[in-house]
Amino acid sequence: MMRAFHFLLLIVALLASACAPSSEVASSDVADSEPVVVVDESAVTDSDAPADVVTLAEAWETGRTPDANVDSVAVWYAPEGADYLLATGKETHQLIVYDAATGETLRTVGREGDAMKQLRRPNGVLVLGDLALVVERDNHRVQVFALPSFESLGTFGEQELVYPYGITGEPIVDEGYRLYVTDNYELGGDVADERVEVFDLYLDGDDLVVEPVLTFGNDSDLTQVETLVVDPAHEHLVIADEADRLIRLYEVSGRATGRGIDDGHFRNEPEGIALYECGDRGWWVMTDQHDDVSYFHVFDRVSLEHRGVFMGELTAKTDGVTVGRASTEAFPEGAFYAVNADQSVTAFDWRDIATAFDLTC
């Protein structure tokens with residue numbers, strides 16, 4: 001009898017949760033709000049929910065754009081004026097530009113096409129210095145924009161890229177950048193050895209100079225890869241392999257280290273990866289994507305030790321994530337940004353994450 005009574009109470013709680021209206025967190029509350037850290041046993045009904053997941057309240061959510069199919073995000077800090085949070089809209093063939101402090105939509109960039117400042121299914125986006133680099137899957141290229149004007153400086157990769165998705169990069173000597181682009185997503189066969197394309201990019205005035213460097217990744221090591229992030233301090237590439245539900249660790253030379261994360265943390269698809277840096281130390285935040293929720297796992301940057309897992313109050317089905325590391329009035333210790341349900345972006349105050357898992361720089 002008592003067991004039946006407990007079951008009835010559980011059903012009532014779940015119905016009340018499902019019927020409660022969702023609401024955004026006001027941007028004015030970002031700086032003054034106290035961290036919300038609670039063990040949540042009822043908000044998620046997914047049978048794959050980690051036992052120790054904690055819930056953190058989002059600072060805000062951007063306006064929703066259901067037709068955009070939002071995928072990836074990146075942050076640019078302006079010398080003056082609003083900082084930009086960039087997101088790719090795959091179906092609208094645009095970049096969406098938000099205010100990185102408040103989530104307000106500032107503008108969109110581009111339209112469908114293959115000319116300069118036009119895009120065709122943009123997926124990955126990366127900010128390096130005052131450049132925004134956008135991977136265009138269906139134009140088989142990467143387009144480079146100057147910030148904050150969004151003038152197109154040119155494209156590259158048309159001869160090398162087949163089905164590109166993700167991008168990461170790091171500064172190199174002579175004021176250039178080394179770029180890593182995942183390719184041939186969901187393709188196999190004769191392209192199995194071409195999962196990651198590497199380029200060096202330089203600016204000669206306003207002219208792009210791009211040199212292909214190497215190609216790596218074979219079907220036995222990398223199968224379905226989209227997201228990768230470079231760790232310059234340790235000369236590593238962290239690569240999410242969605243098909244095998246694990247994270248692989250590569251050297252920047254393209255050699256597999258044999259290390260990674262494959263102990264069952266990712267029960268569906270490992271998607272977005274972000275790095276919060278504290279000098280040579282720091283933490284990885286990696287997404288386990290589910291349709292009705294996203295679990296964000298925190299790992300030590302060097303040892304890959306698991307520090308904990310959190311979820312948002314509303315964030316689900318996350319593709320891209322990024323960390324804004326700079327100190328701002330809204331986010332004094334930075335922010336973690338996550339795509340929500342293919343149609344918006346949510347922000348988490350890093351202080352909430354640090355408090356939840358005792359992360360001290």
Side-chain angles (χ1 to χ4, degrees), residues 71-90 92-100 105-183 196-215 228-230 232 252 320 322 324-326 328 337:
D71 190 273
S72 299
V73 284
V75 181
W76 177 73
Y77 289 104
E80 57 184 41
D83 299 322
Y84 288 168
L85 173 65
L86 311 180
T88 52
K90 293 187 292 189
T92 52
H93 311 285
Q94 291 179 323
L95 278 178
I96 307 169
V97 184
Y98 306 105
D99 186 311
T105 302
L106 300 177
R107 62 179 293 190
T108 58
V109 176
R111 58 186 175 86
E112 186 175 7
D114 56 11
M116 295 300 95
K117 210 169 181 178
Q118 295 180 354
L119 302 164
R120 185 163 281 128
R121 197 172 176 84
N123 198 84
V125 59
L126 171 70
V127 168
L128 286 173
D130 292 332
L131 301 178
L133 299 97
V134 182
V135 178
E136 301 179 60
R137 189 196 72 180
D138 292 354
N139 274 334
H140 319 290
R141 69 187 186 185
V142 178
Q143 187 163 181
V144 183
F145 295 89
L147 294 172
S149 67
F150 288 98
E151 173 192 359
S152 177
L153 301 180
T155 66
F156 67 90
E158 289 91 338
Q159 302 303 313
E160 294 82 15
L161 299 173
V162 178
Y163 211 59
Y165 264 72
I167 185 170
T168 188
E170 59 179 326
I172 54 176
V173 296
D174 300 327
E175 298 183 350
Y177 299 99
R178 176 149 293 180
L179 307 171
Y180 306 84
V181 182
T182 53
D183 200 8
V196 181
E197 300 279 355
V198 185
F199 303 88
D200 283 349
L201 180 149
Y202 303 90
L203 278 176
D204 183 5
D206 289 335
D207 296 329
L208 291 181
V209 178
V210 181
E211 302 170 356
V213 176
L214 64 99
T215 300
L228 77 172
V229 176
V230 65
V252 292
T322 194
R325 179 64 182 89
T328 65
Y337 300 97

Any idea which heavy atoms bring [X] and [Y] closest together, and the distance?
X	Y	result
Leu119	Leu95	CD1-N, 4.0 Å
Tyr98	Ala87	CE1-CB, 3.8 Å
Gln118	Gly113	OE1-CA, 3.1 Å
Pro148	Arg107	O-NH1, 4.2 Å
Thr88	Gly124	CG2-O, 4.2 Å

field: With Glu158 via side chain to side chain contact (heavy atoms under 4.5 Å, CB included) - residues at least two apart
entry: Arg141, Thr155

query: Can you tell me if CZ on Arg111 sees more than 12 non-hydrogen neighbours from other groups inside 6.0 Å?
result: no

task: Take atom CG of Asp206 as the centre, draw a 6.0 Å sphere, and report whether it contains more than 12 heavy atoms from other residues, nucleotides or ligands.
output: no

[X] vs [Y] side-chain heavy atoms within contact, under 4.5 Å:
X	Y	value
Val127	Val75	no
Thr92	Thr108	no
Leu179	Val142	no
Leu208	Leu203	yes
Arg137	Tyr163	yes
Asp200	Val210	no
Phe199	Leu161	yes
Asn123	Lys90	yes

query: Who passes salt bridge (Lys or Arg N to Asp or Glu O under 4.0 Å) against Asp99, sequence neighbours left out?
result: none

Would you find a donor on one side and an acceptor on the other, under 3.5 Å apart, between the side chain of [X] and the backbone of [Y]?
X	Y	result
Gln143	Lys117	yes
Ser72	Gly320	no
Asp183	Val196	no

Glu112 with Arg120: basic N within carboxylate O range, under 4.0 Å: yes

Among Tyr337, Trp76, Phe145, the one residue meeting ring-ring contact (aromatic ring centres under 6.0 Å, His included) with Tyr84: Trp76

query: Rounded to the nearest 0.5 Å, how far apart are CG of Leu214 and CZ of Arg178?
result: 7.0 Å

- line: When rounded to the nearest 0.5 Å, the distance separating CD1 of Ile167 from CG of Leu128 is 7.5 Å

task: Answer yes if the side chains of Glu170 and Tyr180 hold a donor-acceptor pair under 3.5 Å, and no otherwise.
output: yes

